[in-house]
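Worksheet: one structure, shown below.
Letters A, B, ... mirror the listed sequences (proteins, then strands); counts begin at 1. Only heavy atoms go into these numbers, but all of them, side chains included; no hydrogens, no water, no symmetry mates.
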Amino acid sequence: MSFYNSSKIEKKWQAYWLENKTFKTAIDQEKPKYYILDMFPYPSGSGLHVGHPEGYTATDIIARYKRMKGFNVLHPIGWDAFGLPAEQYAVKTGTHPRITTERNIKRFREQLQMLGFSYDWDREVDTTDPDYYKWTQWIFLRLFERGLAYEDEQPVNWCPELGTVLANEEVIDGKSEVGGYPVIRRPMRQWVLKITAYADRLLEDLDDLEWPESTKEMQRNWIGKSIGAEVDFTVPDHDEKIRVFTTRPDTLFGATYMVLSPEHHLVDVITTDEQKAAILKYKEAAGQKSDLERQELSKEKTGVFTGAYAINPVNNKEIPIWIADYVLAHYGTGAIMAVPGEDERDWEFAEKFGLPIIRTVQPPDNFDGKAFTGDGPSINSDFLNGLFITDAKSKMNEWLEENGVGNRSVNYKLRDWLFSRQRYWGEPFPIIHVDGKPKAVPEKDLPVTLPEVEKFQPTKSGEPPLAQAKSWVETTDPETGKKALRETNTMPQWAGSCWYYLRYISPEFDGGPVDQEQEKYWMPVDLYVGGSEHSVLHLLYARFWHKVLYDCGVVSTREPFKKLVHQGMILGEMEYTAYELDGKIISSEEALENNGIKKIPLSEREIEKKGDRFVMKGTEISVDAKAHKMSKSRGNVINPDDVVNNYGADSLRLYEMFMGPLEQVKPWSTKGVEGVNRFLNRAWRLFFGEGELEKFNINNDEPTKDQLKVLHEAIKKVTEDIENMRFNTAISALMIFVNEANNWGEGVPKAVAETFVLLLSPFAPHIAEELWDRLGYSNTLAYEMWPVYNEDYLKSESVEMAVQINGKVRANISVPSDKITDKEFVIGLAKQQKNIQRYIDGTTLIKEIYVPGRILNIVVK
RNA sequence: GCGAGAGUGGCGGAAUUGGUAGACGCGCCAGAUUUAGGAUCUGGUACCUUUACCGGUGUGGGGGUUCGAGUCCCCCCUCUCGUACCA
């Protein structure tokens, strides 16, 4: 029995590829290009997990395939290496983050090379390298110049545990995304990027992208464009007006009260003396609530009357002004006109506090709900009466503009991007403060490198670690010679990943972030693969920077990533769990409602399926059957190193692609890895027969017709499936070929074997290179021509077809290929079948439907 | 609530424009080989009925269109992901 020695073969070819720089990107611009990009990893201390090789194998298969199809392929990798874990480790141990980062990068690089990915290793980028972040800073200066980066004192998400401010996107349920620590709101001086200036373009350009619809939709929701109007309400005895944003100007006659957010700047101005105490109390309570608490308590509406009234401009009626935390300070103008008749939230509030409700849209007769949000004719609305929503809106907008009390307006959920962090391990801002004003560091002085510091910890007050480096902070303005202070905040981790795909194009270029001549050739990225967790943040930020660079003339495309695919998460192995309470096994439904439950893991042999649930074998006690997310605490993490040691990199690659469609969430199965490993062994034995060690099984015979048919079916299927990223079925086609070829007995003709090796090579490149070598070639197969199938070989002598009577299959017939279009012949053949006769006898023929090569359906009565 | 996606054997999953449901792999069963186990090889494996043939049922549930529906249309159920008072 001969087994192929995966570890020996894989090490050999990995060394060969590195030494010969097999995958160095050619710069021959005559050839068509293909830029295929992986989301670069954060090099964490725990190394690769099995999720990484999933997307990386998919892109590697396509990269290898495209090279063989004659494309110039750009397939790079790098390191998103700034970030919190290395810094937290530094705080704990005093180890400089650079040391940790270098160590982790080395490990990641080795692991990626161990999996045989065909990256061009001469194009590695590292966001923490000053030669890289020089250009991150350079891009920041472009933003600064254009007024797209500004300083602002604003309430921010301050996380005391992490000692830093977080972007809204990094706060989940009131806790930090990293670590899950509490987050409070607190005003601080911050750098902010004006992404809102690009909101419309970010929205519109989504339409032409070949991205998953769900991702585009998420970005649209995040940008949250809504069209409506702003309306000014006057407050008697005050000069100030209260401006509100509404998407329903048509309902203005139904505005029976107003609500300001507790943080609104006019609250203190308008509140009457009698209400001051109550308002103050409410504001304090709201201020102390975290976002999480606001959400939890949101089931019940709360609010306090300010004692003041506003004038509804359409009818000059006085309406009371309240404050309530269901109105958000940071959306629209932080104030609303409340129309309970047409808004569910306002209805709920009005009902609770006994405020008047006026309907302004006629609900249908059978309507028995509360607020009516549907369309209908306007009522109680003077000059709008009878108009449906769309017309009523435009008429009201005209009225508002004519009377100078409002205007059409567009609002976005998207807010400007909070861009500074009080951390050490990030890009320093290329900014100095002179006379208290921010000023750009001249381009020739870039990069502004990180200073050495004693401690990596931020101070309690929020002073960043860089502030300790006095000699670094205190500098002079090169222009005026005045004293100047360096900015001590650093950029967030997103900065480096906003443009790394450009640096790969010309990693050594020193005239700008990217060599424009090369950029024109390589951009846009043809295929970008990475996790859906980056659907909004990274992908929106990168698009924003790209558009700014486009406006600066640095890049030639409006969008960076033409096609995007998300790989699905890989879960742990399927787990079966029974529950025990007080020594008794109870069903999984009961277990939900009890405390003190003991979980008992079961093997597959101990359970069986009953109906649509799993039960313990021979009982009615249902158990849980579920694959969980991999996590250290659950102990179900699969380490790619172990898989490679046991089965080899080719098996890991093959298995991850064979599990199912790339985009799908799917559970791991070690048995499944063994399955594809067996396939590779069977493929190997096609070349080196059983019995005698390494007896070469390849002959120089002419391939037979049958052999060519089997081979060309594989070529066709594998080619089409790679093009459509259906790797699981491509591998199944390779398996079918091997299963067939194993029955050939006499050995495999060389011409057939060679083609098979080429087909296998994108999936399992190490074993393929070894077989190619043993077939007598001294060069890598990486640039061999991809096989092309020949339609003639696919034809067979006869076609198996089903014959149906009234749509049910009653017989199978074999029709000679040259008779396939002869309907009469086929019907004649079918009617000779005994079973068909049985069904036809004594009936009347209604019709005969014949789809050549597919089916014959005889309809009888 | 809202938005998006998905429900097919014991499991992961296949199935061109509607045309033989369950490819391929795992698991399981039987056999071969082996002192035994493992590994490997061969055959079988949706369910019911049957020695076998024949037959019946079957793609979450219910209707519909069609000669023919996993696929198209309508209603309902379940699950996953995202989102959450955005005026």
To the nearest angstrom, how far is A:Glu713 atom CD from B:A23 atom P?
17 Å
Between P of B:A4 and CD of A:Glu663, the distance in whole Å:
19 Å
So for atom NZ, which belongs to A:Lys352, do other residues, nucleotides or ligands contribute more than 12 heavy atoms lying within a distance under 6.0 Å?
yes
Could you measure between the two P atoms, the one in B:A46 and the one in B:C54, and give it in whole Å?
15 Å
B:U49 versus B:G55 - spacing of their C1' atoms, nearest Å
8 Å
Atom pair distance, as rounded to whole Å: CG in A:Leu680 and P in B:C26:
12 Å
Looking at A:Arg682, does any N or O in its side chain come under 4.0 Å of the phosphate oxygens OP1/OP2 on B:U42?
no
With a 4.0 Å cutoff (strictly under), does any side-chain N or O of A:Asn677 reach OP1 or OP2 of B:G25?
no
Would you measure the distance from the P atom in B:G38 across to the matching atom in B:A30 and give it in whole Å?
13 Å
Could you list the residues that satisfy ring-ring contact (aromatic ring centres under 6.0 Å, His included) with A:Phe349, not counting sequence neighbours?
A:Tyr257, A:Trp322, A:Tyr326, A:Phe353
Once you measure the plane-to-plane angle for A:Phe688 and A:Trp684, does it fall in the parallel (<30°), tilted (30-60°) or perpendicular (>60°) bin?
tilted
Under 3.5 Å, which protein N or O atoms sit close to an N or O of nucleotides 18-20 of chain B? Give each pair with its distance.
from	atom 1	to	atom 2	distance (Å)
B:U20	O2	A:Asn812	OD1	3.3
B:U20	N3	A:Asn812	OD1	3.3
B:U20	O4	A:Glu800	O	3.2

Please measure how far the C1' atom in B:G43 lies from the corresponding atom in B:U33, and state the result in whole Å.
15 Å
With a 4.0 Å limit, can you tell me whether A:Asn835 has a side-chain N or O closer than that to the phosphate oxygens OP1/OP2 of B:C53?
no
Output, in order, the C-alpha distance, side-chain angles, deciding distance and verdict of side-chain hydrogen bond (donor to acceptor under 3.5 Å, both in side chains) for A:Thr577 and A:Asp624.
CA-CA 5 Å; A:Thr577 318; A:Asp624 269 346; 5.8 Å; no
Among the nucleotides B:C41, B:C24, B:C67, which one has an atom lying closest to any side-chain atom of A:Arg685?
B:C41
Could you state the CZ-C1' distance from A:Phe727 to B:A23, rounded to the nearest angstrom?
19 Å
Can you check whether A:Arg653 reaches A:Phe763 side chain to side chain, under 4.5 Å on heavy atoms?
no
RNA chain B in dot-bracket, Watson-Crick or G-U pairs under 3.5 Å, [ ] crossing, | other strand?
(((((((..(((......[....)))((((((.......))))))(((......)))..(((((..]....))))))))))))....
Residue set satisfying salt bridge (charged side-chain N to carboxylate O under 4.0 Å, His left out) with A:Asp721, at least two apart, ordered chain then number -> A:Lys717, A:Arg726
Review item, nucleotides 10-13 of chain B N/O atoms under 3.5 Å of protein N/O:
from	atom 1	to	atom 2	distance (Å)
B:C11	OP1	A:Lys609	NZ	2.9
B:G12	O2'	A:Met659	O	2.6
B:G13	OP1	A:Gln664	NE2	2.6
B:G13	O3'	A:Asn728	ND2	3.4

P gap between B:U42 and B:C77, integer Å:
50 Å
We want to know whether A:Glu344 and A:Thr373 form a side-chain donor-acceptor pair, criterion being a heavy-atom distance below 3.5 angstrom.
no
Take the protein atom CG of A:Asn742 and the nucleotide atom P of B:C24, then report the distance between them rounded to whole Å.
14 Å
Taking only side-chain nitrogens and oxygens of A:Ser226, does any of them come within less than 4.0 Å of OP1 or OP2 of B:A87?
yes
Residue closer to the 5' end of RNA chain B, A:Asn221 versus A:Gly332 (nearest nucleotide)
A:Asn221
Round to the nearest Å and state the distance from A:Arg243 atom CZ to B:A87 atom P.
17 Å
How far, in whole Å, is B:G58 from B:G5 if one measures between their C1' atoms?
25 Å
Please name all residues satisfying ring-ring contact (aromatic ring centres under 6.0 Å, His included) with A:Phe253, sequence neighbours left out, ordered by chain then number.
A:Phe383
Check ring-ring contact (aromatic ring centres under 6.0 Å, His included) between A:His712 and all other residues, then give those that pass, not counting sequence neighbours.
A:Tyr793
Going by heavy atoms in the side chains, are A:Asn407 and A:Leu400 under 4.5 Å from each other?
no
Length of the line joining A:Ile805:CD1 and B:G55:P, which is rounded to integer Å
11 Å
Non-neighbouring partners of A:Lys225 that pass salt bridge (charged side-chain N to carboxylate O under 4.0 Å, His left out), sequence neighbours left out:
A:Asp200
The side chain of A:Tyr326 lies closest to which of these nucleotides: B:A87, B:C41, B:C85?
B:C85
Which is true for A:Lys671 with a 4.0 Å heavy-atom rule: it touches a base, it touches only sugar-phosphate, or it touches nothing?
sugar-phosphate
Roughly, in whole Å, what's the span from CG in A:Leu662 to P in B:A14?
12 Å
Those residues that, when tested against A:Glu213, pass salt bridge (charged side-chain N to carboxylate O under 4.0 Å, His left out) (two or more places apart)
A:Arg220
What's the gap between B:U20 and B:U71 when it is taken at their P atoms, as a whole Å value?
14 Å
Phosphate OP1/OP2 of B:G25 contacted by A:Arg678 side-chain N/O (<4.0 Å):
no
May I ask you to check whether over 12 heavy atoms, not counting those of A:Lys241, lie within 6.0 Å of atom NZ?
no
For A:Thr246 and A:Lys847, find the nucleotide of RNA chain B closest to each by heavy atoms; which residue's nucleotide sits nearer the 5' end?
A:Lys847
Of the candidates B:G27, B:A23, B:A87, the side chain of A:Phe245 sits closest to B:A87
Cationic N near anionic O, under 4.0 Å, A:Asp250 to A:Lys393:
no
Partners of A:Glu351 by salt bridge (charged side-chain N to carboxylate O under 4.0 Å, His left out), sequence neighbours excluded?
A:Lys370
Taking the C1' atom of each, how far is B:G13 from B:G19, in whole Å?
23 Å
Identify the pairs formed between an N or O of the protein and an N or O of nucleotides 56-63 of chain B at a distance under 3.5 Å, and give each distance.
from	atom 1	to	atom 2	distance (Å)
B:G56	OP1	A:Arg810	NH2	3.2
B:G56	OP2	A:Arg810	NH1	3.0

Partner set under ring-ring contact (aromatic ring centres under 6.0 Å, His included) for A:Phe614, not counting sequence neighbours
A:Tyr576
With syn defined as a glycosidic angle within 90° of 0 and anti as the rest, where does B:G61 land?
anti
side-chain hydrogen bond (donor to acceptor under 3.5 Å, both in side chains) between A:Asn835 and A:Arg838, intermediate numbers included:
CA-CA 5 Å; A:Asn835 210 34; A:Arg838 252 184 63 193; 3.2 Å; yes
Give A:Ser214 one of three labels, base, sugar-phosphate or nothing, depending on what nucleic acid heavy atoms sit under 4.0 Å from its own.
sugar-phosphate
